[in-house]
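Below, read A as the first sequence line, B as the second, and so on, with proteins coming before strands; counting in each chain starts at 1.
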Amino acid sequence: MEKTSPKFALQVKGLNKAFNGKPVLTGVELGVPLGSIFTVLGPSGAGKSVFLKCLANIIQPDAGRILFDGSELTFGDRASQLEFRRRCSFLFQSNALFDSLTALENVALPLEQTADIANEEIQRRSLEALRQLEMEDYVGHYPAQLSGGMQKRLALARAIVTQPELVLFDEPTAGLDPLRRNAVFEMIAKYQRQFGFTALIVTHDVPEALVASDRVALLNQGRICFEGTPAEFSASNHSVVSDFRDSAAALQRSLAAIRISDR
Amino acid sequence: MPMFYWFGRQTLQLIFGIGDYSLFTAKAFCALAKSRRLVRRIVSAVHEQGTVCLPVILIVGVFTGLVLGLQGYHVLSRFGSQGLLGTLVSLSLVREMGPVLAALMLIGQAGSALAAELGIQRNTEQIVALETMGVNSHGYLVVPRLLASLLVFPLQTAVFVVVGFWGGSLSGSLLLGVDSGVYWSAVQRAVEVQDMKECFIKAAAFGILSISICAYQGFHSDRNASAMGARAVSVSTTRAVVFSSILVLVADYIISSFFV
């Protein structure tokens with residue numbers, strides 16, 4: 001039987017980015033299958049956030065091609081940028097919620113400012129997004145009045161209200177405890193299935209990402225050094241992958257060595 | 001030689017700054033055509049620059065009038081021309097002090113608040129978030145404030161001038177004994193349509209100039225090479241107030257030279 005190649009929501013080819021002559025991304029190649037949860041893992045300072053910001057057209061890459069749904073994104077081409085932004089949402093590490101707007105106003109903002117629809121429809125869709133994320137009791141609350149987890153859900157409600165095809169998540173679990181990390185990944189997986197968008201996550205939380213993702217890649221020193229399924233990642237003998245994956249075991253070994261030398 | 005390098009660098013920075021600011025303001029006006037649901041945000045900006053700043057305008061206006069009345073009376077009494085107090089107070093307020101002082105007060109309150117708000121929004125990635133949503137950040141954040149300034153600065157100046165007239169009458173007539181009828185008829189005779197025109201043109205120009213400078217400083221608070229984070233917001237806010245105050249005085253001289 002002939003195998004059909006998976007359709008990619010996003011393809012990255014030879015992406016390069018340097019700051020003040022110091023390379024941050026070097027020839028990054030990646031394909032994110034349509035309708036999947038794809039996680040880019042990597043240690044802090046590996047260039048994950050820069051990679052995501054290049055994809056979101058926030059930072060201009062020095063070289064390389066980014067293809068969204070088969071069409072090339074060109075930095076500086078306003079029509080192409082607007083089309084991409086209409087179909088893609090970005091979830092910031094800091095949530096980037098408007099602190100002077102209520103939860104409902106935050107969710108309604110992208111619809112009010114980008115869609116030609118009636119106010120009643122905007123209100124209905126915003127309330128529906130908040131209801132789907134179990135935030136209907138907090139419509140009049142300001143972001144500062146919500147807990148960290150609720151703020152994350154509110155940011156996701158704002159991201160999905162425009163019914164995007166692709167959602168980019170920048171370190172969605174940064175600074176959260178293990179239970180909250182699980183809850184965030186569960187939320188992403190649940191709503192990705194419910195709404196059918198393609199999710200691209202960058203994180204350094206290995207165990208949660210391996211459980212929640214369909215595919216993972218490892219970005220190290222600006223290069224993709226592994227790409228595959230979570231099972232392939234777990235079984236990989238690649239030195240960088242095993243160092244990153246088995247960091248707890250390495251710590252255990254180091255501590256054991258310190259205790260022995262103390263005796 | 002280092003002196004030349006320093007001078008050259010400062011000149012280039014100044015040229016870049018003027019060019020960048022002009023581009024920012026032009027972008028904001030171009031974004032006007034694409035802005036959606038502007039009315040609510042203009043009303044909110046009118047509230048920020050108008051209602052919130054009204055008490056300070058009233059207080060400064062009345063005390064400016066009181067001082068003008070007091071000083072004017074003592075100067076004019078040397079020449080036995082106390083009857084011209086209304087003329088002195090009204091022309092000083094309408095042609096110079098009203099637009100300039102009202103603008104400086106609005107810069108101190110609304111302008112600094114705008115620069116700080118935009119600086120924090122830049123710091124917390126709210127402005128980048130708007131861009132990623134496909135929302136024109138100039139259109140959403142800057143345009144309503146600029147349009148509101150065109151309305152609010154002339155209105156606040158009118159309030160300042162009227163309250164200043166009253167302050168002048170209070171010190172001149174009530175405290176120093178100038179006949180009230182003489183004072184008010186001098187005011188009425190002195191102020192001509194041309195003076196009112198100058199007053200409102202100045203007020204509108206100061207509004208656009210100061211609000212665009214404050215917005216520019218806050219919007220680009222991340223470009224501060226000397227400071228980061230909260231410190232960058234404070235530096236931007238200070239620069240916004242200092243630069244716009246200086247440029248209001250420069251613009252005042254230029255506009256006055258066309259009317260004198």
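By the neighbour-count criterion of 12 heavy atoms within 6.0 Å, atom CZ of Phe19(A) is densely surrounded, having more than that number from other residues, nucleotides or ligands. Within a 6.0 Å radius of OH in Tyr138(A), no more than 12 heavy atoms belonging to other residues, nucleotides or ligands are found.
Of all residues in residues 141-160 of chain A, those placing a non-hydrogen atom less than 4.5 angstrom from a non-hydrogen atom of chain B are Arg158(A). Of residues 130-137 of chain B, those residues with a non-hydrogen atom less than 4.5 Å from any non-hydrogen atom of chain A are, in numerical order, Leu130(B), Glu131(B), Thr132(B), Met133(B), Gly134(B), Val135(B), Asn136(B).
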Quiz: residues 44-62 of chain B side-chain donor-acceptor pairs under 3.5 angstrom, not counting sequence neighbours:
| residue | atom | partner | partner atom | Å |
| --- | --- | --- | --- | --- |
| His47(B) | ND1 | Thr51(B) | OG1 | 3.3 |
| Glu48(B) | OE1 | Arg145(B) | NE | 3.4 |
| Gln49(B) | OE1 | Ser149(B) | N | 3.3 |
| Gln49(B) | NE2 | Arg145(B) | O | 3.2 |

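Here Asp116(A) is the residue among Asp116(A), Asn95(A), Leu168(A), Thr162(A) with the most heavy-atom pairs under 4.5 Å with chain B.
Of the atoms belonging to Leu91(A), not a single heavy atom falls under 4.5 Å from chain B. For Thr114(A), the parts sitting under 4.5 Å from any heavy atom of chain B are the backbone and the side chain alike.
Between Leu97(A) and Gln126(B) there is no side-chain heavy-atom pair separated by less than 4.5 Å.
Electrostatic pairing of Arg40(B) and Glu112(A) counts as a salt bridge here, judged by a charged N lying under 4.0 Å from a carboxylate O.
Rounded to the nearest 0.5 Å, atoms OG1 (Thr124(B)) and CZ (Phe92(A)) are 10.5 Å apart. The structure places CD of Glu125(B) at 4.5 Å from NZ of Lys53(A), a figure rounded to the nearest 0.5 Å.
Arg37(B) is linked by a salt bridge (charged side-chain N to carboxylate O under 4.0 Å, His left out) to nothing, counting only residues two or more places apart in sequence or in another chain.
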